[in-house]
Amino acid sequence: MPPNKRKANGAKVPSSVPNVASSKEEFSFWLLKSEPESRLENGVDLKFGLEDLKKEPNQTACWDGVRNYQARNFMRSMRLGQKGFFYHSNCKVPGIAGLVKIVKESYVDHTQFDKKDPHYDPKSSQDNPKWDMVDVQFQRELKRFIPLHELKQLHLDHKKNSGPLAKLALFTSARLSVQPVRQEEFDYIVSLEDVTS
DNA sequence: GCCAACGTTGGC
DNA sequence: GCCAACGTTGGC
């Protein structure tokens, strides 16, 4: 029996809780959370929905502001060309809005040094930066918005009958803002586009 | 707006 | 290195 499992940052993982980050599995798909509705933090509006990504030059944006070690480590393992879901969080109807592609692998997140940025980190330094980001590009909208409540229902179902969404990180690590997605999870969720109720 | 879940901090 | 207190996330 190994001693306490550890996360990449050294913090302890409760051994009773299944945790996606302690897995040695390699992931090739991702889920990125962003808030599509206005919310001010230190006077800065954090609103950034899929529509906002589409309006960026090249429909590309840097994924700055991630201040969680697990999420950062997942960004560090992202590779060029990999796909991710663009998830709308903290809004009226949370859920998956579209697909993005990783177009630049992890590099230093400059916002950690900017005192005026809501995600400024006084403990980080240019010499020893703590936080990274990647660039993502809009790929496409899903044919229909896949709401969280639908995924939740499927997740509960699949836990009982061992379906593809039984271990989806969206529910097993609900608070992570950057999550890994398995191939079978990705394919299944994309296939929901064509499901009519 | 509430609050459960859970990550982080800091005293000891 | 433990763990209580605190802060944040994000669904509801």
Side-chain angles (χ1 to χ4, degrees), chain A residues 1-23 30-53 63-77 84-98 100 106 109 111-125 128-134 136 142 144-159 165-181 185 189 192:
Chain A
M1 182 94 169
N4 293 328
K5 285 188 286 183
R6 302 245 152 211
K7 280 184 243 162
N9 67 346
K12 214 190 291 177
V13 177
S15 52
S16 57
V17 180
N19 191 309
V20 82
S22 62
S23 159
W30 310 98
L31 181 145
L32 303 164
K33 294 186 186 174
S34 192
E35 304 188 25
E37 293 173 8
S38 283
R39 188 169 66 85
L40 295 184
E41 203 165 289
N42 301 341
V44 180
D45 192 352
L46 296 183
K47 173 186 186 296
F48 194 76
L50 190 59
E51 293 310 307
D52 299 300
L53 177 61
W63 210 260
D64 61 320
V66 171
R67 297 294 181 267
N68 169 285
Y69 289 107
Q70 246 182 299
R72 179 202 66 185
N73 293 343
F74 283 129
M75 285 202 295
R76 286 182 175 174
S77 58
F85 291 123
F86 194 108
Y87 177 88
H88 283 171
S89 70
N90 212 8
C91 55
K92 260 210 210 90
V93 185
I96 298 173
V100 296
S106 67
D109 176 351
T111 66
Q112 67 197 296
F113 311 121
D114 179 0
K115 289 199 167 98
K116 281 171 292 185
D117 191 279
H119 303 293
Y120 170 64
D121 183 351
K123 290 191 215 143
S124 192
S125 67
N128 191 15
K130 288 169 63 180
W131 307 110
D132 286 357
M133 60 188 184
V134 295
V136 306
L142 291 188
R144 69 179 181 95
F145 183 84
I146 315 270
L148 177 66
H149 63 75
E150 181 178 342
L151 293 167
K152 176 88 173 254
Q153 191 53 56
L154 290 163
H155 166 69
L156 293 174
D157 261 23
H158 292 192
K159 272 209 297 186
L165 301 191
K167 295 182 189 169
L168 194 67
L170 195 53
F171 305 106
T172 61
S173 305
R175 292 181 42 189
L176 254 192
S177 66
V178 176
Q179 309 188 345
V181 174
E185 294 168 336
I189 292 170
L192 294 175

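The chains referred to below are lettered A, B, ... by the order of the sequence lines, with proteins before strands, and numbering in each begins at 1. This is a predicted model, so every value here is computed, not measured.
- The aromatic ring centroids of A:W131 and A:Y69 lie less than 6.0 Å from each other.
- Using cut-offs of 30° and 60° on the angle between ring planes, the pair A:F145 and A:H88 is tilted.
- The separation between A:K123 atom NZ and B:dT8 atom C1' is 8 Å, rounded to whole Å.
- Rounded to whole Å, the distance from CH2 on A:W131 to P on B:dG7 is 13 Å.
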Inset, instruction - In sequence, state the C-alpha distance, the side-chain angles, and the governing distance for A:W30 and A:F85, and then conclude on side-chain contact (heavy atoms from CB on, under 4.5 Å). - result: CA-CA 6 Å; A:W30 310 98; A:F85 291 123; over 6 Å; no
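- Atom NE2 in A:H88 sits about 18 Å away from atom P in C:dT9, given to the nearest Å.
- Between A:K152 and C:dG11, a side-chain N or O to OP1/OP2 separation shorter than 4.0 Å is absent.
- The CZ atom of A:R39 sits 12 Å away from the P atom of C:dG11 (whole-angstrom rounding).
- Distance, A:F74 CZ to B:dG7 P: 12 Å, rounded to whole Å.
- Protein atom CD of A:E37 is 14 Å distant from nucleotide atom P of C:dC12, rounded to whole Å.
- Rounded to an integer number of Å, the gap from CD of A:Q70 to C1' of C:dT8 is 15 Å.
- Contact check, A:K33 against C:dG10: a side-chain N or O comes under 4.0 Å of OP1 or OP2.
- Heavy atoms of A:Y87 sit under 4.0 angstrom from primed sugar atoms or phosphate atoms, though from no base atom.
- A:R67 and A:T111 are linked by a side-chain donor-acceptor pair at a separation below 3.5 angstrom, with hydrogens and angles left out of the test.
- Mapped onto DNA chain B by nearest heavy atom, A:K130 and A:A174 fall at different nucleotides, with A:A174 at the one closer to the 5' end.
- Residue whose closest nucleotide on DNA chain B sits further toward the 5' end, between A:R175 and A:N90: A:N90.
- Note on A:K92: nothing from the nucleic acid sits closer than 4.0 angstrom, heavy atoms only.
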Legend entry - Stepwise side-chain contact (heavy atoms from CB on, under 4.5 Å) test for A:S34 and A:W63: CA-CA 10 Å; A:S34 192; A:W63 210 260; 3.9 Å; yes
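- We find that OH of A:Y69 is positioned 15 Å from C1' of C:dT8, with the value rounded to whole Å.
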